[in-house]
Amino acid sequence: MLWFHNARLIDPEAGTDTIGSLLVQGGAIIERDGPCPTGAQAVDCGGKCLAPGIVDMGVQVGEPGAQHKESLRTAGLAAARGGVTTIVMRPDTDPAIDTPEVLEYVTRRASARTPVNIRAMAALTRGRDGREMAEISFLLDAGAVAFTDGDRVSTDTKVLSRCMAYARGLGALVIGHPQDPGLSQGACATSGKFASLRGLPAVSPMAERMGFDRDMGLVEMTGVRYHADQITVARSLPALERAKANGLDVTAGISIHHLTLNELDVGSYRSFFKFTPPLRSEDDRRAMVQAVADGLIDVICSMHTPQDEESKRLPFEEAAAGAVGLETLLPAAMRLYHSEGLDLPRIWRALSFNPAQRLGLASGRLSHGAPADLVLFDPDAPFVLDRFKLASKSKNTPYDGARMEGRVLATYVGGACVFDAAEVAA
């Protein structure tokens, strides 16, 4: 039994930020703001923030197929150090998670090798090729929390509509990547003055809007539960708002990189700043921050995408896209708190409560009976990020050398401490 006291409780469900206490027993929260019972182990939080552990929706793990970039073990260690108590794994492995056998293999290895919870998405089509429907029913029974082909956007609308219709009948969640594949093919920057001056192949922001409009048409036709993995341009927001107003079961997410960085950060072809979709203009970035503040964008995730040095140390156009983010998600999100005016309950609603709710998980809350998946952190602790100190196998982060605020002090999964910064420092 643990009694957390003198804690600044960040409750995203109630939208409150208050000083209080939390009693944990049997891996669950059983009481708030009560006295310390006899025999309980008291944990003095020192006035620091205690919040539900982050549910990171859309993490790439290299196992199976690319363990040299990230394994289940190193991803789990990185998550624990970053306050992420639930990793939601993308199916873009090799082979793809498109059969119950592969899903069960990953789930079994994860439970034995990681200190945090790992749940897996499954591919919507076989091999994520967009040609033949995956075994959605069997994968759902095997524990898949959602279905997606990731950034391999299907060009066969008929196949996609059939997948969505079938998923609708099962109540399954489909996750889309809003992007017109024809317009975005080969692009590595957002069209505009910056891309033109750098001579980079660029894609119009309208490619996202067009892809999203197509998906919304299919959602309206099939009635499927749908989540857009990343909405990154202001032109997509009116369509998202209309979809929600019209009663479609639609939510949207965004990566922390698109909320805190813009296209100018690429500078002189810095490949650690190459993403899919590419970084956007400052006007778009500000619009996305406001959309998170308004609740129009529901989820913030890391879009953790490990790449080895050989994949990144290439000319910008040829370099692999993506960045690691499990350990940098929380301090990067604190930029929204310190510089953009978002309060901590609003940020944690997007980091923890909303993704848990969308995926049907019990976590993301501080209420009675919720899993004791918790993160204790100091939102004001300053540090300079050194990528070589990250627990991830790959070190491709755009925040290397950046001055950041927000340190994880401890992470608890089911009431058990899986990371303690004081022990690591000692």
Side-chain angles (χ1 to χ4, degrees), residues 54 56-60 90 148 150-151 153 175-180 184 187-192 194-195 200 202-209 211-212 227-237 239-240 251-267 270-305 307 316 319-326 328-337 339-342 346-347 350-351 354-355 396-400 402 404:
I54 295 171
D56 197 353
M57 193 170 170
V59 174
Q60 185 185 61
R90 305 201 307 257
T148 180
D151 57 8
V153 181
I175 297 181
H177 181 72
Q179 199 71 216
D180 182 273
S184 58
C188 60
T190 301
S191 59
F194 178 80
L200 294 172
V203 59
S204 168
M206 283 302 295
E208 177 178 293
R209 166 67 184 278
F212 186 71
H227 176 79
D229 65 354
Q230 293 197 73
I231 294 294
T232 61
V233 298
R235 289 179 178 177
S236 298
L237 295 178
L240 174 60
T251 52
I254 188 172
S255 82
I256 191 62
H257 303 109
H258 287 88
L259 285 172
T260 57
L261 305 170
N262 66 34
E263 59 185 353
L264 301 181
D265 287 305
V266 171
R270 299 163 71 189
S271 59
F272 278 13
F273 290 81
K274 183 179 180 182
F275 296 94
T276 301
L279 292 176
R280 306 303 194 179
S281 69
E282 176 62 8
D283 287 342
D284 279 328
R285 188 196 70 81
R286 287 176 178 269
M288 296 306 105
V289 172
Q290 188 59 49
V292 171
D294 295 339
L296 183 57
I297 289 180
D298 308 270
V299 172
I300 300 172
C301 63
S302 71
M303 273 295 159
H304 179 84
T305 307
Q307 303 288 2
F316 192 87
V324 293
L326 285 167
T328 57
L329 176 54
L330 187 147
M334 290 304 94
R335 291 185 173 184
L336 305 178
Y337 172 62
S339 303
E340 304 288 352
L342 273 68
R346 172 69 265 176
I347 294 171
L351 285 174
N354 283 347
N396 54 308
T397 173
Y399 301 117
D400 184 38
M404 308 190 83

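Quick note: residue numbers are just sequence positions, from 1.
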Using every non-hydrogen atom in the two residues, find where [X] and [Y] come nearest and quote the distance to one decimal.
X      : Y      : value
Gln307 : Ala321 : NE2-O, 3.0 Å
Ala252 : His227 : C-CE1, 3.4 Å
Thr305 : Gln60  : CG2-OE1, 3.3 Å

Would the distance check show the side chain of [X] and the main-chain N or O of [Y] forming a donor-acceptor pair, the cut-off being under 3.5 Å?
X      : Y      : result
Asn354 : Asp298 : yes
Glu208 : Ile231 : no
Asn396 : Phe272 : no
Arg285 : Asn262 : no
Lys274 : Phe316 : yes

To the nearest 0.5 Å, tell me how far [X] [atom1] sits from [Y] [atom2].
X      : Y      : atom1 : atom2 : answer
Ile254 : Ile297 : CD1   : CD1   : 4.5 Å
Arg286 : Leu259 : CZ    : CG    : 13.0 Å
Met206 : Ser191 : CE    : OG    : 11.0 Å
Phe212 : Leu240 : CZ    : CG    : 4.5 Å

Donor-acceptor pair between [X] and [Y] side chains, under 3.5 angstrom:
X      : Y      : result
Thr232 : Arg280 : yes
Asp151 : His177 : no
Thr190 : Glu263 : no

So, do [X] and [Y] sit near enough that their side-chain heavy atoms are less than 4.5 Å apart?
X      : Y      : answer
Ile175 : Met57  : yes
Asp265 : Pro398 : no
Ile300 : Leu329 : yes
His258 : Leu279 : yes
Met334 : Met404 : no
Leu237 : Met288 : yes
Asp229 : Thr148 : no
Tyr399 : Pro331 : no

Q. Given the rule in the side-chain contact (heavy atoms from CB on, under 4.5 Å) test, do Ser302 and Thr328 qualify, once you have shown the distances and angles that lead to the verdict?
A. CA-CA 8 Å; Ser302 71; Thr328 57; over 6 Å; no
- Task: Output yes when Glu340 and Arg346 qualify as a salt bridge under the 4.0 Å nitrogen-oxygen rule, no when they do not.
- Result: no
Please walk me through it: do Arg90 and His304 pass side-chain contact (heavy atoms from CB on, under 4.5 Å)? CA-CA 10 Å; Arg90 305 201 307 257; His304 179 84; 5.7 Å; no
For this session: Applying side-chain contact (heavy atoms from CB on, under 4.5 Å), run through Val289 and Leu342 and close with a yes or a no.
Result: CA-CA 9 Å; Val289 172; Leu342 273 68; 3.7 Å; yes
- Report the C-alpha distance between Leu351 and Ile256 in whole Å, list the side-chain angles of each, state the deciding distance to 0.1 Å, and finish with yes or no for side-chain contact (heavy atoms from CB on, under 4.5 Å). CA-CA 10 Å; Leu351 285 174; Ile256 191 62; over 6 Å; no
